[in-house]
A.B. asks: 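Pasting in a structure now, in structure tokens, and then I'll have a few things to ask.
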Amino acid sequence: MNEEKITHIARLEESPLSEREKMAMRYTEMFNLNPGSSDDAFFDQLKAVFTEGEIVELTFIIMTYSGLHRFNSVIDLEPRDSDRLTTVSVTPAAAHSG
């Protein structure tokens, strides 16, 4: 998703995003803010635009990024470069020298 599309998230239902993109955003919101609200009707809506395999993949991606966000928040770690994945060693530098 590019920055132009990201600007539409705040007004999702009125946005020009595709139905698949909107449904992915609805699913992400439900997953993160109210996971207990998922029911058969919601998953029927997901299945109307995604295959079961795509739903599994989407769920994994949402879970991964949600977990990374929480991890970064807990240890107050901000990304240094938004274009690349930042890794941080949790062991002292001396432990890596041979």
Side-chain angles (χ1 to χ4, degrees):
M1 190 171 264
N2 62 32
E3 291 210 21
E4 179 184 347
K5 288 185 177 187
I6 290 171
T7 63
H8 295 295
I9 292 173
R11 297 180 53 102
L12 185 63
E13 299 310 321
E14 298 85 30
S15 76
L17 297 175
S18 71
E19 186 55 32
R20 284 173 58 92
E21 291 168 324
K22 288 179 183 180
M23 196 66 222
M25 293 297 101
R26 290 181 200 115
Y27 187 37
T28 301
E29 182 175 346
M30 182 276 303
F31 186 97
N32 286 297
L33 301 180
N34 196 5
S37 69
S38 65
D39 58 14
D40 289 342
F42 183 82
F43 277 95
D44 287 344
Q45 292 174 6
L46 272 175
K47 290 176 186 176
V49 294
F50 295 107
T51 66
E52 287 190 13
E54 289 172 326
I55 293 169
V56 169
E57 185 174 352
L58 183 58
T59 304
F60 183 80
I61 291 167
I62 293 168
M63 175 196 66
T64 300
Y65 278 95
S66 182
L68 286 171
H69 173 72
R70 289 174 190 226
F71 174 85
N72 288 345
S73 294
V74 167
I75 64 170
D76 197 25
L77 178 66
E78 292 294 323
R80 291 177 181 83
D81 183 344
S82 62
D83 293 332
R84 65 183 174 85
L85 181 63
T86 302
T87 58
V88 176
S89 175
V90 294
T91 58
H96 295 289
S97 61

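Only this structure's heavy atoms are used, side chains among them; waters, hydrogens and symmetry mates stay out.
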A.B. asks: Just wondering, are more than 12 heavy atoms of other shown residues or ligands nearer than 6.0 Å to CG in Asn34?
C.D. replies: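 Counting neighbours around CG of Asn34, more than 12 heavy atoms of other residues, nucleotides or ligands fall under 6.0 Å, so yes.
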A.B. asks: Identify, with sequence neighbours excluded, every residue that meets side-chain hydrogen bond (donor to acceptor under 3.5 Å, both in side chains) alongside Ser38.
C.D. replies: none
A.B. asks: Closest heavy-atom contact between Met30 and Ser37?
C.D. replies: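 Scanning both residues, the minimum pair turns out to be CG-OG, 3.2 Å.
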A.B. asks: Going by side-chain heavy atoms closer than 4.5 Å, which hydrophobic residues are tied to Ile61, directly or by a chain of links?
C.D. replies: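 Hydrophobic cluster check, Ile61: joined to Tyr65.
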A.B. asks: Indicate if Leu68 and Ile62 have the same hydrophobic cluster label, given that clusters are the connected sets of ILVMFWY residues with side-chain heavy-atom separations under 4.5 angstrom.
C.D. replies: no
A.B. asks: Kindly write out the residues that satisfy side-chain contact (heavy atoms from CB on, under 4.5 Å) with Ser73, not counting sequence neighbours, or none if the list is empty.
C.D. replies: His69
A.B. asks: Test your reading of the model: is there a side-chain donor-acceptor pair from Glu21 to the backbone of Ser18, 3.5 Å cut-off?
C.D. replies: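 Checking the backbone N and O of Ser18 against the side chain of Glu21, a donor-acceptor pair under 3.5 Å is found.
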A.B. asks: Under the side-chain hydrogen bond (donor to acceptor under 3.5 Å, both in side chains) test, which residues partner Arg70, sequence neighbours left out?
C.D. replies: none
A.B. asks: Just to verify, what does Glu19 make a side-chain hydrogen bond (donor to acceptor under 3.5 Å, both in side chains) with, not counting sequence neighbours?
C.D. replies: Arg26
A.B. asks: Main chain of Ser15, side chain of Lys22: is a donor-acceptor contact present, judged purely on distance under 3.5 Å?
C.D. replies: yes
A.B. asks: Not counting sequence neighbours, list each pair that qualifies as a salt bridge (Lys or Arg N to Asp or Glu O under 4.0 Å) and has a residue in residues 50-63.
C.D. replies: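 For residues 50-63, and leaving out neighbouring residues, the salt bridge (Lys or Arg N to Asp or Glu O under 4.0 Å) pairs sorted by first residue read Arg20-Glu54.
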A.B. asks: Checking Glu29 now: which residues fulfil salt bridge (Lys or Arg N to Asp or Glu O under 4.0 Å) with it, not counting sequence neighbours?
C.D. replies: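 Residues passing salt bridge (Lys or Arg N to Asp or Glu O under 4.0 Å) with Glu29: none at all.
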A.B. asks: Out of curiosity, does Leu33 fall in the hydrophobic cluster containing Met25 (side-chain heavy atoms, cut-off under 4.5 Å, transitive links)?
C.D. replies: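 Different hydrophobic clusters.
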A.B. asks: Membership question, hydrophobic clusters at under 4.5 Å side-chain separation (ILVMFWY): are Val56 and Val49 in the same one?
C.D. replies: no
A.B. asks: Under the side-chain contact (heavy atoms from CB on, under 4.5 Å) rule, collect the residues that match up with Asp44, sequence neighbours excluded.
C.D. replies: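 Once residues adjacent in sequence are excluded, Asp44 has no partner under the side-chain contact (heavy atoms from CB on, under 4.5 Å) criterion.
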A.B. asks: For residues Tyr27 and Thr59, report the shortest heavy-atom separation together with the two atoms involved.
C.D. replies: OH-OG1, 2.5 Å
